[in-house]
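So the structure is just underneath, and the comments pick up after that.
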Amino acid sequence: MSELILIVEDESDLVESLEYNLQQTGYRTRVADDGESALNALDEVDPDLVVLDLMLPDMAGIEICRRIRNDDEMHQLPVLILTARGEEIDRITGFEAGADDYVVKPFCIDEFVLRVQAILRRSHHSDEQMKTDRVNFGDLYVDFAAHITRVDEEEVELTPLEFQLLDVLFTRRGHTQSRQTLLRDVWDIEADVMTRTVDTHVQRLRAKLAHCGEYIVTVRNVGYRFIAESP
Ligand code: CA
């Protein structure tokens, strides 16, 4: 499902334009026109990003931003602040309160959409790194950032190439990788020949991983697949 953007803004013309353009770009939207409904919406809908006007009828937008940053579950939720021209003080306060970015009204809607896309890309990237940097999978432990591999808590020495092979197979677990694909993505070779290279290295990697080598399955006449579910 597409990403959900919560728009907290009380100027209805602006809301209409923001909604229209975000939806055209493929996002879902939800609107709150004051602080209280914004807080309710945050509880209810779990948005991927909040577009937050600083001047709301019942509450300062900054206060909502602070609450998001101080909340255990929402503290990483990206916030894009809308502020009026000349409100330099708001901009500074906005960053202090933990906003990810801001745009000054009146703004170009295309630029606004680009900012939204950039923030969401960054936030996905950090999600991914959180997920894959360190992994426990059955008896296998891999720290992809530090290049550490352990089997049954014993460190295993892998060459950079073997580590790269493990990384590619593991990241695409559940999906069969042909020898050609592995040659391209691990060895950076675009060729149909030398397929024995892949087999030799997979054998070596399996041997080093001891019983965890069984997590890498041979797919006859095609290539290899890392099992999808940890045993
Ligand atoms: Ca306003």
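These numbers come from a predicted model, not from an experiment. Side chains included, hydrogens not; waters and symmetry mates left out as well; all remaining heavy atoms used.
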Quick check on [X]: does its [atom1] atom have over 12 non-hydrogen neighbours (other residues, nucleotides or ligands) under 6.0 Å away?
X      : atom1 : answer
Asp46  : CG    : no
Glu229 : CD    : no
Glu16  : CD    : no

Please confirm whether the backbone N or O of [Y] pairs with a side-chain atom of [X], one donor and one acceptor, at under 3.5 Å?
X      : Y      : value
Asn21  : Ser17  : yes
Arg173 : Val168 : no
Arg69  : His75  : yes
Asp143 : Ala145 : yes
Asp100 : Val79  : yes
Thr181 : Gln177 : no
Thr29  : Ile5   : no

Selection residues 5-15 - residue pairs positive for salt bridge (Lys or Arg N to Asp or Glu O under 4.0 Å), sequence neighbours left out: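 Non-adjacent pairs meeting salt bridge (Lys or Arg N to Asp or Glu O under 4.0 Å): Glu9-Lys105, Glu11-Lys105.
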Presence of salt bridge, [Y] and [X], under 4.0 angstrom:
X      : Y      : value
Arg150 : Asp139 : no
Lys208 : Glu157 : no
Arg206 : Glu214 : no
Glu63  : Arg67  : yes

Shortest non-hydrogen contact between [X] and [Y], atoms and distance:
X      : Y      : value
Thr25  : Gln117 : CG2-NE2, 3.3 Å
Tyr102 : Val104 : CE1-CG2, 3.6 Å
Ala99  : Cys65  : N-SG, 3.8 Å
Leu49  : Val116 : CD1-O, 4.1 Å
Gly61  : Leu56  : CA-CD1, 4.2 Å

Between [X] and [Y], is any pair of side-chain heavy atoms under 4.5 Å apart?
X      : Y      : value
Leu120 : Glu3   : yes
Val15  : Asp33  : no
Thr176 : Val217 : no
Val103 : Asp101 : no
Ile148 : Val142 : no
Asp34  : Met59  : no
Pro78  : Val50  : no
Thr149 : Glu155 : no

Co-membership, hydrophobic cluster, residues Val45 and Leu52, 4.5 Å side-chain: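 No: no chain of side-chain contacts under 4.5 Å links Val45 to Leu52.
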Same apolar cluster: Leu165 and Leu161, side chain cutoff 4.5 Å: yes
Residue pairs passing the ring-ring contact (aromatic ring centres under 6.0 Å, His included) test where at least one lies in residues 211-231, sequence neighbours excluded: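 Sorted pair list: Phe137-Tyr215, Phe137-Phe226, Phe170-Phe226.
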Between Ser37 and Asn40, a side-chain donor and acceptor under 3.5 Å: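 No donor-acceptor contact under 3.5 Å links the two side chains.
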Distance, nearest 0.5 Å, that separates CD1 of Ile68 from CG of Leu77: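 Between atom CD1 of Ile68 and atom CG of Leu77 there are 5.0 Å.
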Chi angles and distances behind the side chain to side chain contact (heavy atoms under 4.5 Å, CB included) call for Val51, Phe112: CA-CA 10 Å; Val51 174; Phe112 167 81; 3.8 Å; yes
Audit row: Arg204, Asp199, salt bridge (charged side-chain N to carboxylate O under 4.0 Å, His left out) steps and yes/no: CA-CA 9 Å; Arg204 219 175 285 163; Asp199 299 323; over 6 Å; no
Partner residues of Glu19 under the salt bridge (Lys or Arg N to Asp or Glu O under 4.0 Å) criterion, sequence neighbours left out: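 Glu19 satisfies salt bridge (Lys or Arg N to Asp or Glu O under 4.0 Å) with no other residue.
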